[in-house]
Amino acid sequence: MSSPGDDRWIRLDGTANTRDLGGLPTVDGGRTIPGRILRSDNLQTLTADDVRRLTGELGLRQVIDLRTTAEILLEGRGPLRDVPEVQHRHFTLLPERGHHTDVFAVEEDDAPLDLQAGWTESLLPRQVAEHDEVEPPAVRSYLGYLGQRGDNVVAALRAIAHGGPGASVVHCAAGKDRTGVVCALSLAVAGVPHEEIVADYAMTAEVIDGVVARLAASSTYAEDMDTRDIASHTPRAETMDRVLTLLDERFGGPLGWLTTHGFGPDEQAALRARLRD
């Protein structure tokens, strides 16, 4: 297994949890290619130098935003939104009222909710399948993304697969939960083995203090950061290990889940090419 200390980190002033999905071993003896798919926490506080590095040195051309509509409205336009060559796509992984598939549409809408007073009112109750009620909370959450917003999980992967030349970055708020699930499926399609996917997911624990500090500085997330200790925000390897194990048991693996949900062999090949060829 690759060392969690492998330097895939992209050190930026405005994020705490940005790294490259390149350089990971695959089951056929290959490695994923750097500079194709990045993962990150919130991009709202990128500096001008960060933007220049991402779009210039790293060739960033697509942002896959997994936050809710309310989070985007509250946080406002990030600096990458002012770069014409960078495309933004929005695929919320939480059930919410209304329907948006693109950040441009979100920003142009007049939100009827008093989001500052209680933005969680825009979210719908998450349903937990009876057979998943015994699972730990984080595992239940991740299964909820797959069970209730499987359409947007697939749509996000489809956007990455067909994103054209240049790098794509997948992000949410902390870059660990929603981003972790989408990136885990991407790596599985690329042929990265189970244990390496788990290790990549767990790498966020190395920088969790910085992630929490950045979110605590935002009024959108501050309350959640203040009411939960750092341990509750720290990703654990056993969480992703359990999710992948359940996908193995129920669908024959992540690729089986994807095929069942309309992301078949041709699209899997296109996504694999983004990370491998």
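This chain uses plain numbering: 1 for the first residue, then up along the sequence.
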[atom1]/[X] to [atom2]/[Y] distance, rounded to the nearest 0.5 angstrom?
X: Leu60; Y: Ser40; atom1: CG; atom2: OG; value: 10.0 Å
X: Asp248; Y: His194; atom1: CG; atom2: NE2; value: 6.5 Å
X: Tyr201; Y: Leu244; atom1: OH; atom2: CG; value: 10.5 Å
X: Met240; Y: Asp177; atom1: CE; atom2: CG; value: 8.5 Å
X: Thr45; Y: Leu43; atom1: OG1; atom2: CG; value: 8.5 Å
X: Asn42; Y: Ile72; atom1: CG; atom2: CD1; value: 9.5 Å

Should [X] and [Y] count as side-chain neighbours, where that means a heavy-atom distance under 4.5 Å?
X: Val181; Y: Leu66; value: no
X: Val153; Y: Trp257; value: yes
X: Glu238; Y: Pro136; value: no
X: Ser186; Y: Leu157; value: yes
X: Glu249; Y: Thr245; value: yes
X: Leu21; Y: Val192; value: no
X: Val51; Y: Leu46; value: yes
X: His261; Y: Leu146; value: no

For the side chain of [X] and the backbone of [Y], is there at least one donor-acceptor N/O pair under 3.5 Å apart?
X: Glu196; Y: Thr26; answer: no
X: Lys176; Y: Asn17; answer: no
X: Thr68; Y: Thr92; answer: no
X: Glu135; Y: Leu143; answer: no
X: His90; Y: Arg67; answer: yes
X: Thr18; Y: Ile10; answer: no
X: Arg242; Y: Val139; answer: no
X: Gln268; Y: Phe263; answer: yes
X: Ser168; Y: Ile37; answer: no
X: Arg39; Y: Arg19; answer: no

Cluster overlap Trp9 with Ile33, hydrophobic side-chain contacts below 4.5 Å: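 No; tracing contacts between hydrophobic side chains, which count when under 4.5 Å, never links both residues.
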
Between Asp50 and Thr47, do the side chains contain an N or O donor and an N or O acceptor separated by less than 3.5 Å?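 On atom types as modelled, these side chains qualify, holding a pair under 3.5 Å.
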
Under a 3.5 Å threshold, yes or no: a donor from one side chain and an acceptor from the other, between Thr55 and Glu85?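 No pair is found: no donor N or O on one side chain lies under 3.5 Å from an acceptor on the other.
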
Would you name the heavy atoms of [X] and [Y] that are closest together and state the gap between them?
X: Ala156; Y: Ile64; answer: CB-CG2, 3.9 Å
X: Ala173; Y: Leu215; answer: O-CD2, 3.7 Å
X: Gln62; Y: Gly163; answer: NE2-CA, 3.8 Å
X: Gly76; Y: Gln44; answer: O-NE2, 2.6 Å
X: Ala167; Y: Arg274; answer: C-NH2, 4.2 Å
X: Pro235; Y: Ala205; answer: CG-N, 3.7 Å

Test side-chain contact (heavy atoms from CB on, under 4.5 Å) applied to His171 and Thr15, step by step: CA-CA 11 Å; His171 85 97; Thr15 66; over 6 Å; no

With a 4.0 Å cut-off on N to O distance, would you call [X] and [Y] a salt bridge?
X: Arg149; Y: Asp151; result: yes
X: Asp28; Y: Arg276; result: yes
X: Arg178; Y: Glu71; result: yes

Could you go through Val83 and Leu54, starting from their C-alpha distance and side-chain angles, then the distance that decides it, and tell me whether this counts as side-chain contact (heavy atoms from CB on, under 4.5 Å)? CA-CA 11 Å; Val83 181; Leu54 286 168; over 6 Å; no

Between Arg214 and Asp41, does a side-chain contact (heavy atoms from CB on, under 4.5 Å) hold up when you go through it step by step? CA-CA 9 Å; Arg214 287 187 179 279; Asp41 51 336; 4.2 Å; yes

